[in-house]
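First comes the structure, then the notes that go with it.
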Amino acid sequence: MARRQRTALVSSLRRRKTGNVVMLALTYIAALLATLPLVFILFHLLRQGASTLTPDFFTNMPRPVGEAGGGMSNAIVGTLILIAIACAIGLPVGVGAGLYLAEKRAGALAMTVRFLSDVLNGLPSIVLGIFAWQFLVRPFGRFSALAGGIALGAMMIPLVTRTTEEMIRLVPNSLREAALALGYPRWRTSMSVILRTALPGIVTGALVAVARIAGETAPLLFTAFGNQFWSTSLDEPIAALPLQIFAYAISPYDEWHAQAWAGALVLIVIVLIISLAARHVTRARFGSATD
Amino acid sequence: MIAEEIEDSPRKPCLAARELSAFFGRSRVVSNVTIDFRDREVTAIIGPSGCGKSTLLRCLNRMHETAPGATVSGTVTLDSTDIYAPGADPIAVRRHIGMVFQRPTPFPTMSISDNVTAGLKILGRKAPRGKDAEDIVEGALRHAGLWEEVKDRLGESAIALSGGQQQRLCIARALAIRPRVILLDEPTASLDPLSSQKVEELVYQLKQDIAVVIVTHNLQQAARVSDRTAFLLLGDLIENAPTNTLFTAPADPRTEAYITGRFG
Amino acid sequence: MILAGVAPGDRVYQLAITAFALVVPALLVLIAIAIGVAAWPAFATAGLSFITSSEWNVQAGKFGAAPAIYGTLVSSFIALLLATPLAVGVAIFLSEIAPKWLRQPVAFLVDLLAAIPSVVYGLWGIFFLVPMLREHVVPFLRDTLHLGSTPLFSGPAYGPSMLAAGVILAIMALPYISAVTREVLLAVPRSQRDAALALGATKWEMIWDAVIPYARSGIIGGIILGLGRALGETMAVTMVIGNRPEISASLLAPGYTMASLIANEFTEATSDLHLSALMAVGAVLFTITLIVNAIARWLVWRVASGPRS
Ligand SMILES: Nc1ncnc2c1ncn2[C@@H]1O[C@H](COP(=O)(O)OP(=O)(O)O)[C@@H](O)[C@H]1O
Ligand SMILES: [Mg+2]
């Protein structure tokens, strides 16, 4: 009897151990499968895009169908302009709102704003495009760089808000007190001590936000709209790298497909550089520990 | 005018609390404290942990009100001016009454010399520059006994300094704006014995010019550095007397119990 | 008086940061108003049939968004079905199992998936994913697994399809789900793990019986967050789903989603009613994602703010 029980125990233990090994192995497979798409995508981008990516691509304008070559100089510049407008809106508002959240912590308005900014962060980007179109395109009767930049800036706000808040919370309260005890006004304490100390983290957050909006297409479809010609004017339609990639990708022409791949490669390199820069800034912060 | 007053009567109280109470929300942590702090004297505040020493200290330069839900009643006067009067600006108050905390708080993004002048920079266009600023840095660091140790690396980050050096840097930073009074909240609690000794020597230097209030839970330290000692228990000021008297012949049995319990 | 001196800066500062904070709710309200106002004519004309009818005929002025709503839900469902086990597996791997040196790089690679712009996913989808599904995966499903007779995998497989949209959405949602899951797993206290191990649990039993239950609502929050991403994703889906407003049982048939419907027809819309109908689609999408996100945030927040009572 006792012996039977023991054998049962042993065999169940063996089964449990096998189950353990199988499940642990499955997580390794999950990790492998999850990293595969990235490898595939980067591989295809390099293979398809690299050959079209000549210096001309950065300096030339798009060419009509049938003519080989040409580039996306206007779209590259357009994307940079859109990012600049977005930063001009998203950074001050996001940092300001983040300061408010860090200062008011559990206040009713702070709790509401914190929750709503998370909700805003999850809204589809195309919804922000509709918003910008309704208020900034429809009334004026034309697409504009400004409308596109504002749509992107609105996307940045919740991202910057939340990272700013988190980074400010990492600044020890004793520093705030030290500044106040020196006779710093509150605003000055926030600006030259708290924000200054949290700066590397906030820069990281801002870079992550920029990386995210740099490749956004949907909110630009009916705001910035895209432009085949050179334009840097803020109240006219403007070209953007993601819009151009989209237009070329769904076209039936092989030359344009090649251009789309090259554009995608440029876009991804921009995004990766910004992402890596963000990680580098974070590393620098942790490298020189405060305490 | 202020300088004349100092010349006239060096022992006149420069900072005085009357019926001072401090609250966190509804709970009262300092009750009806009346006490004078005199120029060129060191006053020590002692008492068991949590009795309200820090809170009392923070009421003296209006730092208490920076905590959420914190309120104050009663009056505090600096040279006969009520620092809690409706027209008084807490920021101006804090520039006359400096404060140093238990843990050193150098600004991590600033160099050593920028830390010293941090309190001056907010004067904007009136802030001293160039040679003037250098003189102030040297003066404050000398005053704090740190000059010789850091004069060759004024441009380096302040967080590279040792704990004791950081604390003296914070004292130098508080001195650079020439306060009338300096409040020290357990300034040596986080330091090693050698650094503590240096800070104690510094306290002795400080009282040559200004009033010093020091909170400490180290009774020997209170006995060593202070001219007067105040004993606080559960928010009440039990006894306030010349240090010698308080430690040798305490008037209140609770004071005696506390100091003998600690010494014994 | 020596103590006088006012700091107008502090008032300005308080006002400024409060104003900046108010931008967030204001933005949401403005978005709701923008969409609501623009969508109203279509809702008023079509009534309830706007979400029940599957006839989307611009020339006839008939606007039934059912196929787009159906396509949005189905493609997102496929995405979650594929992404959840992978994402949770990766998160477990990264927080419990992987050797230290492997954690950083794998986490970085998975996080990078979230950084790839959706138009790049779409490009890759058109030229690689769709052909690969058509030439390898669909034959495998039909001939090897004999699923061709089920309605799900019947009919011709041209290429762009609901399945392709689901797969690409799965890849895109994966980093979001795994990031949140990893975060909540790391928030599970050591003591929970020790308690399970002390009872003689194997490592996997510890994970499955102690760690996962503790983090459950946070993981569900992460999955719902991924769902929010998938529901609103526009470009990549538009490029691979085929954009046909029909409801088909087969996953190999083309479909439509709300976001891709708006993206495709918006700039071509000439009649006011058509424009309004697209806005109404936006309104439905906005409402769904708003609810989904609110639920997800609430669940994640509940885990982050301490153990459940
Ligand atoms: N921010 C705060 N909120 C509420 N109560 C506090 C706060 N800070 C201190 N207290 C309470 O006030 C009392 C006095 O604290 P404190 O002045 O710091 O004491 P001490 O410095 O003598 O150790 C203590 O009972 C403490 O718990
Ligand atoms: Mg204290």
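The chains referred to below are lettered A, B, ... by the order of the sequence lines, with proteins before strands, and numbering in each begins at 1.
Within the 4.5 Å cutoff, the side chain of C/D111 has no heavy atoms near those of the A/R279 side chain. The closest side-chain heavy-atom distance from C/E205 to A/N20 is not below 4.5 Å. At a threshold of 4.5 Å between non-hydrogen side-chain atoms, the residues A/L99 and C/Y13 count as touching.
With a 4.5 Å cut-off on non-hydrogen atoms, C/A201 touches chain A through its backbone but not through its side chain. For C/I171, the part lying under 4.5 angstrom from a heavy atom of chain A is the side chain only. Interface residue A/F135: only side-chain heavy atoms are found under 4.5 Å from chain C. For A/F225, the part lying near chain C is the side chain, with the backbone staying farther off; criterion is any non-hydrogen pair under 4.5 Å. With a 4.5 angstrom heavy-atom cutoff, A/L101 does not touch chain C via any of its atoms. Contacts between C/I224 and chain A at a heavy-atom distance below 4.5 Å are absent for every atom of the residue. Interface residue C/T18: backbone and side-chain heavy atoms are both found under 4.5 Å from chain A. Of the two parts of A/L272, only the side chain, counted from C-beta on, holds a non-hydrogen atom closer than 4.5 Å to a non-hydrogen atom of chain C. Contacts between C/Q14 and chain A at a heavy-atom distance below 4.5 Å involve the side chain alone, from C-beta outward.
Taking C/G282, C/A294, C/S118 one by one and counting their heavy-atom pairs under 4.5 Å with chain A, the maximum is reached by C/A294. Between chain C and the options A/G129, A/G215, A/A211, A/A132, heavy-atom pairs under 4.5 Å are most frequent for A/G215. Heavy-atom pairs under 4.5 Å with chain A were tallied for C/A16, C/G228, C/A263; the largest tally goes to C/A263. Top candidate by heavy-atom pairs under 4.5 Å with chain C, chosen from A/A260, A/S190, A/P158, is A/S190. For chain C, the option among A/P37, A/G19, A/A110, A/S125 with the highest count of heavy-atom pairs below 4.5 Å is A/P37. Per-residue counts of heavy-atom pairs under 4.5 Å with chain C were compared for A/I157, A/L221, A/I41, A/L120; the largest is that of A/I41.
From C/L123, atom CG reaches atom NE2 of A/H257 across 8.5 Å, with rounding to the nearest 0.5 Å. Here A/L220 contributes atom CG and C/M235 contributes atom CE; the two are 9.0 Å apart, rounded to the nearest 0.5 Å. A/W187 contributes atom CH2, which lies 14.5 Å from atom CG of C/L15 (distance to the nearest 0.5 angstrom). A/I268 contributes atom CD1, which lies 4.5 Å from atom CD1 of C/I116 (distance to the nearest 0.5 angstrom).
A/W261 and C/F128 have perpendicular rings, their planes meeting at more than 60° on a 0 to 90° scale where under 30° would count as parallel.
Heavy atoms only, all atoms of each residue included: C/A34 and A/Q134 are closest at CB-CG, 3.6 Å.
Here the options are C/I288, C/T234, C/T289, C/L231, the test is side-chain contact (heavy atoms from CB on, under 4.5 Å), and the partner is A/P124; only C/T289 passes.
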